[in-house]
Structures are given as C-alpha cells and as structure tokens.
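Just so it is clear: chains get the letters A, B, ... in the order the sequence lines come, proteins before strands, and each one is counted from 1.
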2 protein chains.
Amino acid sequence: MTSDPRLEPRRTLTLRDVSEASGVSEMTVSRVLRNRGDVSEATRERVLSAAKALGYVPNKIAGGLASQRVNLVAVIIPSLSNMVFPEVLTGISQVLDDTGLQPVVGVTNYSPEREEQVLYEMLSWRPSGVIVAGLEHSEASCAMLRNAGIPIVEIMDVDGEAIDSVVGISHRRAGREMARTILTAGYRKIGFLGTQMPHDHRARKRFEGFTAALAEEGLDLLATEFYSGGSALLKGREMTQAILARRPDLDFLYYSNDMIGAGGLLHCLDAGIDVPNTLGLAGFNGVELLDGLPRRLATMDACRLEIGRAAAEILSGKSQDGRTSGVRIELSPRLDPGQTIRTAR
Amino acid sequence: MTSDPRLEPRRTLTLRDVSEASGVSEMTVSRVLRNRGDVSEATRERVLSAAKALGYVPNKIAGGLASQRVNLVAVIIPSLSNMVFPEVLTGISQVLDDTGLQPVVGVTNYSPEREEQVLYEMLSWRPSGVIVAGLEHSEASCAMLRNAGIPIVEIMDVDGEAIDSVVGISHRRAGREMARTILTAGYRKIGFLGTQMPHDHRARKRFEGFTAALAEEGLDLLATEFYSGGSALLKGREMTQAILARRPDLDFLYYSNDMIGAGGLLHCLDAGIDVPNTLGLAGFNGVELLDGLPRRLATMDACRLEIGRAAAEILSGKSQDGRTSGVRIELSPRLDPGQTIRTAR
DNA sequence: CTTGCTGCCGTTAGCGGTAACATAGCCTGT
DNA sequence: ACAGGCTATGTTACCGCTAACGGCAGCAAG
C-alpha cells in the first residue's frame, strides 16, 4: 500500500476523490463507508484502502443533511464542576458508545436563560434526542423541547411534570427519608447547610422534603446556613463553624451535598466534637471522595451513573419494550448511614 | 402577535415556512436570522416575529454545508473525572462564549485508539478548530490533525513537538522545580506515589523531571507506589500507609496529583506523623479542594484555567497578532509550598 | 434626462452526501 | 432457452441553507 503523499493536499477531500481513486461511483463508496447495502468484498477493500490512503474523513454535515438523520444526542447539564454530572455523563457514554449515537454536552451554569440558548444551539444541529437535567425550564425551552419532534429525557429529578420521558429520583422523598432516619436516631436539634437554592431545584426539593418531615414531628430547623461559590470543602468548614457558633446546642447538621458535608466533618474532627454522639452529620450524593475521609459521612446515593445509563437506554431504544418516548423511571436512592449518625437511640 | 397554534406541527420548519409567513424570500429571512447584509428595519421585525411565532429553529446542518463554515471547536480531553479538565473547559468556554464559537467535547479515557476514534468523529463535523490535550498522538491521529486544514492547539504540555499551536506548562520542569524545592528544604529520603503512568504522559514527565533533578544531587527515589482507578483520596491513604510500612525512614513523599496527596496528608495526620518535620508532602495541580484540608498541601498550580483561555483565544484570533496557527505559549506554574514542606533547613 | 450610486431584496447554483429507484450481469429451475 | 430473482453497482433528485450575483427602485450629481 505504497501511500502516495500528493503534493497538493489543498481542497478537502470528498467522496468523489475516493470514488475516482478507487474507480467506482460515489454511491458505492458511500455504501462501503457506512457498511450499508451489498458491496462485493473486492470493491469494499479497494475503496477502504483508497479512503485510508487519501486520509478521507466523511463529511457528516452533508451526510446528515441528505439522510435527515444525525447521530447526536444533546446532553444539557447545569455544571461540570460538580462531579455529579461528569458521572452522569459517564453513564450516558457507557450506553451510547455501542449504539453509534454520540453525546454532545452543553452546560447551563444553572441559568434558565443560558439553558434556553444552549438548547436552541443544540437543536439547530437536529440531534436525534435530548437529555436535559431537571424538570424546570423556561417557557420557551419547554416549547422548543415539545416542538423538536425528537425524544426528550429529563433526568435527575422526578418531582414534577415531564415533557416526555423522565429518569431520576425523588429529591423530596430523599429529604424526607433522611429526616426520618435522623429523627429515629434520636436527634432533635437540627440545622441545615446548603447551597443558595433559587437555581438548584433539586437541592431545594430535598430541603422541602426534609423540613416537611421534621414538621410532621412538630420540629423546625433551628438554624440554616447558605453559601454559593468557592471551594465547597472550605465552605463546609466555615459554615459549620459559623452555625455552631450561633447555635452550639445543635445535635445534627444536614448538608445539601457531600462536599460541604465533608468540610463540616473535617471541622468537627478538628474541633474535637464527638461525631456522631454529640453531633450527627449527613450529606447527599455518595461521592467517591468520601471513602478517603477519616470517618464515613452519612449520605444518600443519587444513582448518578444509573440515571445516565437509563436515559441513554431510552434514547437508544434499549429500554423496556423499546419505547423512546413517555418512559418514566424512578430510581431509589440508597441511604448510607456511614459513621456520622448514631445507631438508634 | 396572536400566535396561531397550527393543527399540524408535523414536518419540521424550514426557512421557506418563515419566508411564506412573513412574505419575503428565503434569502431575506436567512439574512435577518444571521444579521448579515442589509435588511430594512421593517422587514427585519416582520421576519423575526414570524420566526418566533412559528418557533423556527435554524438548521445548522444545512447552513454549515452551504457556507462551508461551522462554528464548532472540537475539544479532546482524556477524562472528565479529574477536575483538571472541567476547569480547562471552563476557561475555553469563558473565551469562546462571546465569539460565536462553540466547544464540543470528546473524552478519550487516556486511550490513543479512543482518541483516534473521537478525533475522526469530530473532524467529520468539520469544526473550525481543534483543541486537544497532550502532544502524544497515534500516527493516524497526527495525520488527521495535520490534514484537517484547520488550526490545532495542543494543550497542557509543552515538552515535545507540536503539530501547530501549543499552550501549556513544562511538566518536566515542574517536576524538577519541586525536586529542587524539596532538596533545598533538606529532605533526602524521598518516595514517589503516582498513577500508573504509561498513559498519562504529563505525570510521566513530571516524574522524569523529578528524578532527574534528584539524580543531579546524587539521589535516587527510595520507594515508589503506583495505583490506578478507585477513589483517589482513599488510594492516597492506602498507598501512603503501604509505602511508609515498607520504608519508615522516608522523609518526603511526592504525589503525582493533589487528590492522592490529600489522602496521604489525611493518613499522616491520623497516624500522628509530624508533617512537615518528620515527613514532608507535596502534590500537583492546585485543586480547590485542598483549601478545606486541615493543612494546606504543597502543590504546583497547573494553570488550567489559563491554558483553556489561551487555547480558545488562539482559535478565535484573539491572541497576539491574531495568528491562529503556530503559536506557542508556555505558562509558568506557581509553586505553593503550603504547610507540608518545612521552611529551609 | 442621463449616469452612477446606494439600499434593499430576489434568483440561481451549488455545498457533499444519501434515499430511492434503475440497471446490468449472472444464476437457477423447468 | 428464458422468465424470474439475485447481487452488485450506477443515476437521479433532492436535503435546507447560503455565496454570489443581479435587479430595481430612488435620489444626487452632471
């Protein structure tokens, strides 16, 4: 295969170049390159070697236009710096990898306006499906999703009305469940530490579920502390110190995520607080990081990988009876009491 | 603007639909939607409102084919679970956001074969530029990059030969610099803990630079420990315990990244080891996480955000004299001694 | 009145592929 | 020997949009 380094690699190559180099029609080249239709083994090889020798790369823009099909799946998530979403992406990739579908990621930074822009941009590439985090979208975004005429999967959260399919957990229920576990363990003076929540609907719903469950027992949160931005671990430390300074009588702290929870744990250990007897702690997410901490923080697994996988399976027709629309999957997060909730009372 | 909910939103909308709805030619609609060419204010508004009322989303597939221009930038990175690359992406997005260019991310999992596939896939969308992590690529990948006829920016690393532009730091130099600092502080019995390195060329180069600098002082590493997979924090703990069990006489541990370094730090604190006097520690990356640790780990900032920004600036013609090719930018990582290297001897 | 702009908008001809159909050999059964 | 059915390949007509150019008012200058 004495490859011939042409002297003018100028104009980018097209099917025609390959077709001329291999002496068959463009259509046949196209068939070979897509493994579609019948092509004799002889021509197939001739075409393939010509394509490789030339360094031909197909033009999916043209292909997509002609075939009206594009192997892209738009994935729209609020953030990449959360560790939650990269893991969802991993799940999506795992499943999509052997379907010919390809994820394209857009990040919204928790902004509905940005989500709208990203969505518009993505839809303009006519993907064959959309995976989008959350159930809350601007009116325009909802309209676009509805009119797109492609399968939509909303992920992470099931507390609300879905446009099409939905895969996630009930964050409200997760909050309640944690509250019950805490109450059962005998804690009563409970504080909450979390993200600024107007944008993070899931954190908000956990908060709501949590307080609702407390209310059922006639309890209120005794203190709350909110943050935004910065190193979550450090914030966790600072906020924990702050909240305990205000209310030294607290006997439990519920964090809206594991990262600040871990910071809190480190603070408590530093400060010589007896965890979990004097003070119990719990976070949310089940991040891998926790495994390395001096004590295992109580948490709840958000089923991130599973959510990603299930969403991808829906879009690739691998779910249930092969439906790609109107599927609803509610996963059940597993509560891991770790070593920061005392066992019973 | 009494929007009319048509009874058949079947076929997806095209320019023609908007053109009919607004009584002008498709070309004029196209001009309005792209803000190109002269259109009277009156028609512009008519077209825009028609487009919005119909919920028209342009088809970039067709547009890209016709104009031979696509506003995509391929970004190819080894991993998303590293926190390093999300930060690079953030830098890229910051700059690209107001250029009309859009990043499309592909993940290789440190596999050259996968990189080849991802690259092929991406190039088939005819992006207007490529940002790819690292200088080491398969032969086929290099050929594709060279023949693509678009600006290429290799990032993270400058120790090697670039295909086109390059933005990064010298990991070899980073390793040397850390070694010198450690030696200056008087440590002599040094161990290394890191990732399995055949795939991570940058970690390997730091290792090489580090050992080379030791060798110049006639010193060898007394012990090494490698890992792959799993929770880095936990691995850091375990490996630290293991290496110290084998060689209790070590007086310094150099980690190939901050995450396992942090795990090591936690182990040492648990074990009551006097850091930094009995044992010094250092990592690499400058991850935000470290801020919340009980003691600030010595580290070196890898300039991740800056690298992302600079790469994006090159592709968008914002760099230097507007060149989009052949630019070389070497950034200087800042060494932060933190609290885990004793000050002088 | 003619000439030459300028501002606005339409027409034509693809971009590089692919769906769908047409076609040319060749084999098989009777 | 020939209809009928394969297999392997070619032809035609777009896909939805935009570059490039053309045309036509309206107006200023000559």
To the nearest 0.5 Å, how far apart are CD1 in A:Ile155 and CD1 in A:Ile77? 8.0 Å
A:Asn59 side chain, from C-beta outward: closest of D:dC17, D:dT9, C:dG17: C:dG17
Whole-Å gap separating P (C:dC15) and CG (A:Leu15): 13 Å
Rounded to the nearest angstrom, tell me the gap between atom CE in B:Met27 and atom C1' in C:dC9. 10 Å
Using only side-chain N and O atoms of A:Gln68, determine if any of them is under 4.0 Å from OP1 or OP2 of C:dG17. no
Using only side-chain N and O atoms of A:Tyr56, determine if any of them is under 4.0 Å from OP1 or OP2 of C:dG17. yes
A:Glu26 CD to C:dC15 P: how many Å, rounded? 11 Å
Decide yes or no, distance alone: a donor-acceptor N/O pair under 3.5 angstrom between the base of D:dG16 and the side-chain of A:Arg126. no
One should read off an interatomic distance between A:Glu87 CD and B:Ser81 OG, to the nearest 0.5 angstrom, of 8.5 Å
Could you state the atom-to-atom distance from CZ of B:Arg31 to P of C:dC8 in whole Å? 11 Å
Base, sugar-phosphate or nothing for A:Arg44? Non-hydrogen atoms, less than 4.0 Å. nothing
Mind checking A:Asp38 for me? I need base, sugar-phosphate or nothing, with any heavy atom below 4.0 Å counting as a touch. base
Between A:Thr43 and D:dT9, is there a contact of a side-chain N or O with OP1 or OP2 at under 4.0 Å? yes
B:Ala66 side chain, from C-beta outward: closest of C:dG14, C:dG16, D:dT9: C:dG14
Can you find an N or O donor on one side and an acceptor on the other, under 3.5 Å apart, linking the side chain of A:Arg34 with the base of C:dG17? no
Using a 3.5 Å distance criterion without hydrogens, assess whether the side chain of A:Arg44 forms a donor-acceptor pair with backbone atoms of A:Val39. no
Which nucleotide sits closest to the side chain of B:Thr28: C:dG17, C:dC9, D:dT9? C:dC9
For the pair A:Ser325 (side chain) and A:Pro151 (backbone), establish whether a donor and an acceptor sit closer than 3.5 Å, ignoring hydrogens and angles. no
For the CH2 atom of B:Trp125 and the CD1 atom of B:Ile61, what is their distance to the nearest 0.5 Å? 4.5 Å
Under 4.0 angstrom between A:Ser40 side-chain N/O and D:dT9 OP1 or OP2: yes
B:Ser30 side-chain N/O to D:dT18 phosphate OP1/OP2 under 4.0 Å: yes
Look at A:Arg69 and C:dA19 and indicate whether a side-chain polar atom (N or O) is within less than 4.0 Å of OP1 or OP2. yes
Measure from CD1 on A:Ile61 to C1' on D:dC15 and round the result to the nearest Å. 13 Å
Length of the line joining B:Arg16:CZ and D:dC17:P, which is rounded to integer Å: 10 Å
Establish, with yes or no, whether the OP1 or OP2 oxygen of D:dT11 is under 4.0 angstrom from a side-chain nitrogen or oxygen of A:Ser25. no
Between atom CG in B:Leu65 and atom C1' in C:dA13, what is the gap in whole Å? 13 Å
Could you tell me whether the side chain of A:Pro78 reaches within less than 4.5 Å of the side chain of A:Thr108, counting heavy atoms only? yes
Rounded interatomic separation in angstrom, taking CG from B:Leu33 and C1' from D:dC17: 11 Å
